[in-house]
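To start, the structure under review is shown below, and the notes come after it.
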Amino acid sequence: MKILVLGSGAREHAIILALRSEPTEHEILAAPGNAGIARDARIVDLDMLDPAAVTGFANEDAVDLVVIGPEAPLVAGVGDALRERGIPVFGPGRAAAQLEGSKAFAKRIMQAAGVPTGRAVHAATADDVAAALDEFGAPYVVKADGLAAGKGVIVTEDRAAALAHAAAYLPTGPVLVEEFLSGPEVSLFFLSDGDTVRALSPAQDFKRALDGDQGPNTGGMGAYSPLPWLADRFGSEAAFVAEVTERIALPVIRQLDAEGTPFVGLLYAGLILTERGVKVIEFNARFGDPETQVVLPRLRTPLSELLLAAARGTLEETPAPAFSDDTAVTVVLASEGYPDAPVTGRPLTGLDEAAAVEGVHLAHAATRAEGDALVATGGRVLNVVALAPDVATARARAYDAIDRIGLEGSHHRRDIAAGAA
Ligand code: AMP
Ligand code: GLY
């Protein structure tokens with residue numbers, strides 16, 4: 001197949017590596033990509049946010065499948081434009097992508113579908129915010145409504161900080177004040193063809209910048225999969241997945257379909273396992289980053305077949321995704337100053353030495369080639385991914401590898417998957 005992958009992060013690199021690991025060889029194109037992706041796919045010069053440009057390219061180049069990685073092209077309507085031209089695309093249209101793009105939309109869909117989530121109030125003024133904060137009590141949760149690259153949410157004991165966060169976003173529209181939910185978090189991905197869903201294997205993401213879940217929220221500092229402790233709570237991973245499929249994924253997919261906005265692509269359920277059951281914290285309309293980097297290396301079913309079946313509406317006839325029993329751990333190498341003000345442009349060293357560790361590979365997030373050297377171009381630079389038969393070995397391999405990489409001022413968490421080992 002000829003497959004075009006849109007995006008430039010480690011998630012897209014992970015998707016491309018999974019496509020390349022299939023027994024069948026594919027022609028893989030990427031836009032805009034990064035220096036790591038350039039080694040595994042042909043980079044094409046294309047504005048991924050321009051629906052007409054992407055559609056024109058896919059048409060002329062006879063692309064068999066377009067895979068949309070990040071949320072921005074979804075919200076820009078790239079999926080709609082491709083579908084209108086009859087080009088198979090994995091990624092929802094603009095309307096269904098509102099599930100991620102608007103927290104108010106997501107709450108409405110969940111309410112209509114009877115999906116368990118935290119109570120929330122839409123507050124349009126500072127007074128409304130203050131009243132809602134007092135209604136729910138501490139810890140306080142305030143969320144910007146639109147896409148905010150992981151920065152729109154604050155969870156704090158400090159009422160003044162919650163009010164200040166709300167004040168920063170109120171000029172652009174109402175904010176969401178939410179009930180605080182307590183419990184372990186799980187990310188569960190569903191492939192959807194608008195009607196049928198197929199779950200992937202659960203993962204956990206580490207969102208805070210510092211060890212011990214301290215510091216600011218980030219795009220994600222590491223992840224692992226599978227989650228052995230799910231079996232203690234639910235009897236088995238399969239039982240957990242079945243419950244979330246029946247109570248959360250299918251009702252949401254049916255609701256979107258009933259509203260005339262079917263969801264074709266990746267439904268990302270961000271879940272919290274509270275004492276009163278599994279609840280949704282958020283939905284995303286795309287693969288999670290960095291969870292994808294630990295879920296896809298464990299996938300044993302050809303990814304291209306699953307994505308194409310979702311795009312064509314034939315998931316029901318396609319075998320369910322199968323996963324290896326290995327554990328995958330990823331640790332993100334971040335630039336100095338990430339997430340607030342990352343310092344970029346610094347050279348990277350030791351990548352080959354890192355990739356030489358048994359079971360380890362690298363997924364590039366923000367790298368550019370400068371001559372023979374690689375430089376960091378963003379906040380999250382690289383994902384070190386390690387696979388092993390058990391989580392302790394996978395962690396040891398990941399940290400052995402990351403310790404071989406040089407990037408001045410960089411930081412990473414030392415406790416990814418520590419609780420599972
Ligand atoms: P979101 O962008 O909605 O995924 O929120 C980012 C992170 O904030 C989540 O992964 C949680 O760790 C935390 N968070 C969001 N909403 C809540 C909530 N209602 N209760 C507790 N933590 C939350
Ligand atoms: N890992 C969080 C996200 O992809 O939104």
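Note that the coordinates shown come from a computational prediction; the quantities given were computed from them, not determined experimentally. All ligand and atom numbering here is 1-based and tracks the order in the structure. Numbering of residues begins at 1 and proceeds along the displayed sequence.
- If you check the side chains of S187 and E291, you find a donor sitting under 3.5 Å from an acceptor.
- Listed for the R198 side chain is no donor-acceptor partner under 3.5 Å among the backbone atoms of A310.
- In this structure, A223 falls outside the shell of residues with a heavy atom less than 4.0 angstrom from ligand 2.
- Of the candidates E179, E185, K207, E185 brings a heavy atom nearest to atom 12 (O) of ligand 1.
- Between R286 and ligand 2, an N or O atom pair is found at a separation short of 3.5 Å.
- Without hydrogens or angle criteria, E22 side chain to L303 main chain gives a donor-acceptor distance under 3.5 Å.
- Residue G288 has at least one heavy-atom neighbour below 4.0 Å for each of these atoms of ligand 2: 4 (O).
- Below 4.0 Å from some heavy atom of K143 lie the following atoms of ligand 1, by number and element: 3 (O), 15 (C), 16 (N).
- Here's the thing with I281: none of its N/O atoms is less than 3.5 angstrom from an N/O atom of ligand 1.
- Between the S335 side chain and the G378 main chain, a donor and an acceptor come within less than 3.5 Å of each other.
- Closest heavy-atom approach to atom 17 (C) of ligand 1 among the candidates V177, V141, T274: V141.
- Once rounded to the nearest 0.5 Å, the distance linking CZ of R254 with CD of E259 reads 15.0 Å.
- Taking 4.0 Å as the cut-off, R208 does not count as a neighbour of ligand 1 on heavy-atom distance.
- In this structure, Y268 counts as a contact residue of ligand 2, since one of its heavy atoms falls inside 4.0 Å of the ligand.
- The backbone N or O of A10 sits nowhere less than 3.5 Å from a side-chain atom of N383 that would complete a donor-acceptor pair.
- Residue contact check: G219 has heavy atoms under 4.0 Å from atoms 1 (N), 2 (C) of ligand 2.
- A donor-acceptor contact closer than 3.5 angstrom links the side chains of R414 and H412.
- For D205, a nitrogen or oxygen atom sits less than 3.5 Å from a nitrogen or oxygen atom of ligand 2, counting backbone and side chain alike.
- Counting the atoms of ligand 1 from 1 in the order shown, those under 4.0 Å from a heavy atom of F180 are 20 (N), 21 (C).
- Within ligand 1, the atoms closer than 4.0 Å to a non-hydrogen atom of K103 are 2 (O), 3 (O), numbered from 1 in the order shown.
- Of the listed residues (D64, V66, L65), just one forms a side chain to side chain contact (heavy atoms under 4.5 Å, CB included) with I87, and that residue is V66.
- In this structure a side-chain-to-backbone donor-acceptor pair under 3.5 Å is present from R298 to D326.
- Within the structure, the closest approach of G220 to ligand 2 does not fall below 4.0 Å when heavy atoms are considered.
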